[in-house]
Amino acid sequence: KDTMELLSGKWKFHILGTLMQGDKLRFMDLLREVEGIGTKMLSKELQDLEMNHLISRTVLDTKPVTVEYQITDFGKTLEPIIDEIAKWGIAYRNFVYSKK
């Protein structure tokens, strides 16, 4: 139950997977990478993930202010789970399309 509450929704797995591949990413980089997400939803999901210690947020002293997001060590423990879910999704898509 705890896992599903933390990771529920359409975007969290995609955001976490993107951060696992990209190391440190800025907000606009994430917005480009997570296709289809809007700025408000990305902001909300990043806040949730940060609050749950799965990502960290660093504000850089630049003008304009730059914010970088990075997966935490604890967030990295989700990598095998996210990989398996991605593999299952690909297998499922192949199965469904083979039936058409």
Side-chain angles (χ1 to χ4, degrees):
K1 180 181 172 202
D2 290 341
T3 305
M4 293 310 295
E5 285 179 10
L6 281 173
L7 300 175
S8 66
K10 181 177 179 179
W11 303 108
K12 287 189 176 87
F13 277 105
H14 196 160
I15 293 167
L16 288 167
T18 301
L19 284 170
M20 284 176 190
Q21 291 178 342
D23 193 32
K24 294 179 185 177
L25 292 173
R26 296 176 180 176
F27 185 87
M28 292 306 291
D29 296 330
L30 282 166
L31 193 61
R32 272 189 294 276
E33 291 293 324
V34 182
E35 191 175 322
I37 195 168
T39 55
K40 279 186 174 181
M41 181 58 72
L42 178 58
S43 180
K44 178 199 169 299
E45 296 290 57
L46 289 169
Q47 287 174 356
D48 287 351
L49 291 167
E50 182 185 12
M51 182 182 70
N52 290 303
H53 308 286
L54 299 176
I55 66 169
S56 63
R57 178 180 184 268
T58 305
V59 179
L60 303 174
D61 188 22
T62 58
K63 292 202 191 288
V65 172
T66 304
V67 179
E68 287 183 336
Y69 296 90
Q70 185 174 18
I71 193 138
T72 63
D73 287 339
F74 187 68
K76 289 177 186 174
T77 64
L78 288 167
E79 189 165 11
I81 296 165
I82 291 172
D83 286 346
E84 287 303 314
I85 288 172
K87 286 178 194 173
W88 185 89
I90 292 166
Y92 176 75
R93 184 181 304 151
N94 291 337
F95 171 77
V96 168
Y97 286 116
S98 72
K99 299 292 180 186
K100 291 184 177 184

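Atoms considered below: every heavy atom in the structure, side chains included; atoms not considered: hydrogens, waters and symmetry mates.
Using bins of under 30°, 30° to 60° and over 60° for the plane-to-plane angle, the ring pair Y92/W88 lands in the parallel bin.
Using a 4.0 Å cut-off between charged side-chain N and carboxylate O, E84 and K87 make a salt bridge.
Residue pairs meeting the salt bridge (charged side-chain N to carboxylate O under 4.0 Å, His left out) criterion with at least one partner in residues 3-19, sequence neighbours excluded, are K1-E5, K12-E45, K12-D48.
The CG atom of L78 sits 6.0 Å away from atom CG of L16, with the distance rounded to the nearest 0.5 Å. Going from atom CD1 of I15 over to atom CE of M20 covers 12.0 Å, rounded to the nearest 0.5 Å. Summarising the geometry, atom OG belonging to S56 is positioned 11.0 Å from atom CG belonging to L46; distances are rounded to the nearest 0.5 Å. Rounding to the nearest 0.5 Å gives a distance of 6.0 Å between CD1 of I55 and CD of E50. Rounding to the nearest 0.5 Å gives a distance of 8.0 Å between CG of L7 and CD1 of I81. Rounding to the nearest 0.5 Å gives a distance of 13.5 Å between NE2 of H53 and CG of D73.
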request  = List the steps and the verdict of side-chain contact (heavy atoms from CB on, under 4.5 Å) for V67 and F27.
outcome  = CA-CA 7 Å; V67 179; F27 185 87; 5.6 Å; no
request  = Take T58 and Q70 through the test side-chain contact (heavy atoms from CB on, under 4.5 Å) and record every step on the way to the result.
outcome  = CA-CA 8 Å; T58 305; Q70 185 174 18; 5.6 Å; no
message = For a side-chain contact (heavy atoms from CB on, under 4.5 Å) check, start with the C-alpha distance between L31 and T39, then their side-chain angles and the critical distance, and finish with the verdict.
response = CA-CA 7 Å; L31 193 61; T39 55; 3.5 Å; yes
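L30 and V59 fall within the same hydrophobic cluster, defined by Ile, Leu, Val, Met, Phe, Trp and Tyr side-chain heavy atoms under 4.5 Å apart, directly or through other members. L6 and M51 fall into different hydrophobic clusters, where Ile, Leu, Val, Met, Phe, Trp and Tyr residues are linked whenever their side-chain heavy atoms come under 4.5 Å apart, directly or through other members.
Taking K24 as the reference, nothing meets the salt bridge (charged side-chain N to carboxylate O under 4.0 Å, His left out) condition, with sequence neighbours excluded. Annotation: side-chain contact (heavy atoms from CB on, under 4.5 Å) contacts of D29 (sequence neighbours excluded): L25, R26, R32.
The heavy-atom pair separating W11 from M41 by the smallest distance is CD1-CG, 3.5 Å. Of all non-hydrogen atoms in L60 and V65, the two that sit nearest each other are O-CG1, 4.0 Å. Of all non-hydrogen atoms in Y69 and R57, the two that sit nearest each other are OH-NE, 3.5 Å.
Of the possible polar contacts, one joining the T72 side chain to the L54 backbone as a donor-acceptor pair under 3.5 Å is found.
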